[in-house]
2 protein chains.
Amino acid sequence: MSATDLRGQIDLLLLSVLVAEPAHGYRVIERLRERSEGAFDLTEGTVYPALHRLERSGLLESHWSDDAPRRRRVYAVTQAGRGSLATRRRDWAAFAGAMQAVIAQ
Amino acid sequence: MSATDLRGQIDLLLLSVLVAEPAHGYRVIERLRERSEGAFDLTEGTVYPALHRLERSGLLESHWSDDAPRRRRVYAVTQAGRGSLATRRRDWAAFAGAMQAVIAQ
DNA sequence: CTTTATACCTAGTCTGTCTAGGTATGAGCG
DNA sequence: CGCTCATACCTAGACAGACTAGGTATAAAG
């Protein structure tokens, strides 16, 4: 799976990774690659704007960590983000189920 | 699931419906609604351009049916379309699997 | 001191989905 | 007959998210 078009699912992926443990952007990319066993190898140009968007809409919050050897913006899921995550999970399950129903003639 | 963003999956849905039986656009919309039990309720503005795009790229072919009471453009999956369908099915399975791996921490 | 990995950012392109219109015919009903 | 509704097609343009392709800067490794 090369550069699959993830439109609409990136938010769910990011929230899923970050609800397990707050992390900075670069780490999120690594986690996605690990958890998906290489399937999701997103570029920074995809992930950073998505993080910014999620923060703007109140689903994530961030702070600059000063203890790390290098500057990092660490993101965490807000309460609203948890609610949204639950909804998105249900939406995904419904979507995947409907896809399956259609493609498995 | 209201108007979910299906970007990237519509082709798979259309090919899946049409490989089972050639059909015209309006019928494809009905089939999708039936098979997905209402989850996929696509508008014509989504489906018609997608059918045209698939025909332009050689995955579908069409002809005007003259026996029907009203003009209909009937689409069928080409040989190339069958190949593409198989690939897209595998891609979808990989994608859904990776999604599951990420969201089920 | 050069390279590599880490870590951030964003302007602009691309493209598919959707909105919001349009045309036209057949069927059912009073 | 006229009216409405379902069928059946189409497309221009808006919209927005994913991606490309750049850029900056520091730490570590060699």
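Protein chains get the first letters and strands the later ones, always in sequence-line order, with residue 1 at the start of each.
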Do side-chain atoms of [X] reach the backbone of [Y] as a donor and acceptor pair under 3.5 angstrom?
X       : Y       : value
A:Thr78 : A:Leu59 : yes
A:Arg33 : A:Ala39 : no
A:Ser36 : A:Leu32 : yes

Presence of [X] side-chain N/O under 4.0 Å of [N] phosphate oxygens OP1/OP2:
X       : N     : answer
A:Arg72 : C:dA7 : yes
A:Arg73 : C:dC9 : yes
B:Arg70 : D:dA6 : no

query = In chain order, what residues pass the side chain to side chain contact (heavy atoms under 4.5 Å, CB included) check against A:Arg31, with sequence neighbours excluded?
reply =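 Here the qualifying residues are A:Val17, A:Glu21, A:Arg27, A:Glu34.
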Mind calculating the distance between [atom1] ([X]) and [atom2] ([N]) to the nearest angstrom?
X       : N      : atom1 : atom2 : result
B:His63 : D:dA8  : NE2   : C1'   : 15 Å
A:Leu13 : D:dG17 : CG    : P     : 15 Å
A:His24 : D:dA27 : NE2   : C1'   : 13 Å
B:Gln9  : C:dG16 : CD    : P     : 13 Å
B:Ile10 : C:dT15 : CD1   : C1'   : 13 Å
A:Phe40 : D:dC19 : CZ    : P     : 10 Å
B:Leu42 : C:dG16 : CG    : P     : 16 Å
B:Ile29 : C:dT17 : CD1   : C1'   : 13 Å

ask   = A:Leu6 has a side chain; which of D:dC19, C:dC8, D:dC9 sits nearest to it?
value =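 The closest nucleotide is D:dC19.
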key: Residue B:Arg53, side-chain atoms from C-beta onward, closest of C:dT17, D:dT7, D:dC9   =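 Selected nucleotide (nearest to the side chain): C:dT17.
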message = With the threshold set at under 4.0 Å for non-hydrogen atoms, list the residues of residues 43-52 of chain A touching DNA chain D in residue-number order.
response =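 The stretch gives A:Thr43, A:Gly45, A:Thr46 as the residues lying under 4.0 Å from the strand, ordered by number.
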query = Does B:Arg71 or A:Asp11 map to a spot on DNA chain D nearer the 5' end, using the closest nucleotide for each?
reply =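 Nearer the 5' end of the strand: B:Arg71.
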inquiry  = Side chains of B:Arg73 and B:Ser65, heavy atoms from C-beta outward: is any pair under 4.5 Å?
reply    =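 A side-chain contact under 4.5 Å is absent here.
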ask   = Parallel, tilted or perpendicular: which describes the rings of B:Phe95 and A:Trp92, with under 30° parallel and over 60° perpendicular?
value =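 Correct class here is perpendicular.
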query = Is there a path from A:Val47 to A:Leu85 through hydrophobic residues (I, L, V, M, F, W, Y) whose side chains come within less than 4.5 Å of each other?
reply =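 Yes, A:Val47 and A:Leu85 fall within the same hydrophobic cluster.
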